[in-house]
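Below is one structure; the comments refer to it alone.
Just so it is clear, the model here is predicted, and its values are computed rather than measured. Quick note: residue numbers are just sequence positions, from 1.
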Amino acid sequence: MTPTHPIRLGFARGVAPNTWARRWTAARPANPLELVPVDVAYGRGPDADPEAPVDVMIERALPGQQPEQDDDAPRHAMRLYTEQIALVLPREHELAGESGIPTSDLALITLLAHPEHPAEWGDPAPWADASSAPTSVPAVLDLVAAGLGGVLLPLPLARHLTRKREHAILTLIGEPDLPGTTVWASWAVARDAEDVQQLAGVLRGRTARSARAERETADPAPASPDAARKRKPKSTSKKAGPPPGSRGAQLAAAKRRKRR
């Protein structure tokens, strides 16, 4: 049975859920969707409201990783898309006016080490004092703004967290491509109800129209007899002539004699 309370969709920073929310409203107008921003860049993080945890979480994972699993509360996970990686520099940097930078030129940039910099993105500059290393993305962005170097981030997250007066965002151009972060939807196995499955379909890209088309294909409405008569093809046989000996038959014979 579909629950009457709103289904709660949590989402990490940088994720834009508005398109999904519009599709859900069109497909399930009687079942409200509540958007719950969660103050975390990677992973699920703590629920915004422990008294009302989210039903489905849109979370970000580093290259080669998947959403974390809890042995005591297993979860389903569905991959949605891959994010492009961008370079964030201080606004005063000599390259700040560029829109992009060749990936091969990253060797010329001092990349700041932080916990969400995977090995697949190259080796960042080590910190002389490990205790001074930033422990979060906002913290490392403060160091970028101070001019200490640059940082690689998913492009949507960079756009969400950077400050235009202090940071510049450059897309990466050419080879080699850096593996992007992946965005996933996850939900508890115990919460795998009909409404969550419907939301999973919306997250995959299903719209109200596609849902209707699936229902019509699965259970087509029987055609009415009137509709069948309307669709009856026209006969292609030649129209019969007038009965022999009738006035019409005599006129037709006279016309044929004149043509001769």
Might you point out which heavy atoms bring P179 and E120 nearest each other, and give the distance in Å? CG-CB, 3.4 Å
Does R8 reach the main-chain N or O of V36 with its side chain, forming a donor-acceptor pair under 3.5 Å? no
With distance as the sole criterion, is a donor-acceptor pair present between the side chains of W187 and D55 under 3.5 Å? no
Backbone of N31 reached by a side-chain donor or acceptor of W24 within 3.5 Å: yes
Answer with yes or no whether the side chains of E59 and S186 bring together a donor and an acceptor at under 3.5 Å. yes
Determine the minimum heavy-atom distance between A77 and P67, stating which atoms define it. CB-CG, 4.0 Å
Is the shortest heavy-atom distance from the side chain of L172 to the side chain of L106 under 4.5 Å? yes
Using the rule that two of Ile, Leu, Val, Met, Phe, Trp, Tyr join whenever any of their side-chain heavy atoms come within less than 4.5 Å, decide whether V88 and L62 are in one cluster. yes
Using 0.5 Å steps for rounding, measure from the CZ atom of R91 to the NZ atom of K164. 9.0 Å
If we ignore hydrogens and angles and just use 3.5 Å, is the side chain of E34 paired with the main-chain N or O of L9 as donor and acceptor? no
Please name the pair of heavy atoms, one in E194 and one in R28, separated by the smallest distance, quoted to 0.1 Å. OE2-NH1, 3.3 Å
ILVMFWY network linking L155 to V40, side-chain heavy atoms under 4.5 angstrom: no
According to ring pair (Phe, Tyr, Trp, His ring centres under 6.0 Å), does anything in residues 109-146 pair up with another residue at least two apart or in another chain? List the pairs. H117-W121
State whether the side chain of R60 and the backbone N or O of A41 hold a donor-acceptor pair below 3.5 Å, judged by distance alone. yes
Would you find a donor on one side and an acceptor on the other, under 3.5 Å apart, between the side chain of T82 and the backbone of V183? no
side-chain contact (heavy atoms from CB on, under 4.5 Å) for T182 and L80? Distances and angles first, verdict last. CA-CA 7 Å; T182 51; L80 299 178; over 6 Å; no
Nearest heavy atoms of V144 and L89, plus distance in Å: CG1-C, 3.6 Å
For R13, enumerate each residue passing the salt bridge (charged side-chain N to carboxylate O under 4.0 Å, His left out) test, keeping only those at least two apart in sequence or located in another chain. D39
Do R22 and T19 have side-chain N/O donor and acceptor atoms under 3.5 Å apart? yes
Sorted by chain and residue number, the ring-ring contact (aromatic ring centres under 6.0 Å, His included) partners of H93 (sequence neighbours excluded) come out as none
I58 with W184, same ILVMFWY side-chain cluster at under 4.5 Å: no
Among residues at least two apart in sequence or on other chains, which ones pass salt bridge (charged side-chain N to carboxylate O under 4.0 Å, His left out) with E166? R163
Does the pair L111 and L152 meet the rule for a side-chain contact (heavy atoms from CB on, under 4.5 Å), with working shown? CA-CA 8 Å; L111 295 177; L152 293 172; 4.0 Å; yes
Give the cluster check for I173 versus I169: same hydrophobic cluster or not, with ILVMFWY residues linked at side-chain heavy-atom distances below 4.5 Å. no
Here the pair of heavy atoms bringing E68 nearest to R75 is O-CD, 4.5 Å
Tell me, with the steps shown, if L87 and I109 meet side-chain contact (heavy atoms from CB on, under 4.5 Å). CA-CA 10 Å; L87 172 67; I109 305 295; 4.2 Å; yes
Go through the structure and list residues passing side chain to side chain donor-acceptor pair (under 3.5 Å) with H167, not counting sequence neighbours. none
Between P63 and P118, what is the shortest heavy-atom contact and its length? CD-CG, 3.8 Å
Determine the sole option in Q197, R191, Q198 for which the side-chain hydrogen bond (donor to acceptor under 3.5 Å, both in side chains) test with D195 is passed. R191
Which residues satisfy the side chain to side chain donor-acceptor pair (under 3.5 Å) test with D71, sequence neighbours excluded? none
Residue pair T181, Y42: steps toward the side-chain contact (heavy atoms from CB on, under 4.5 Å) verdict: CA-CA 9 Å; T181 49; Y42 295 87; 4.0 Å; yes
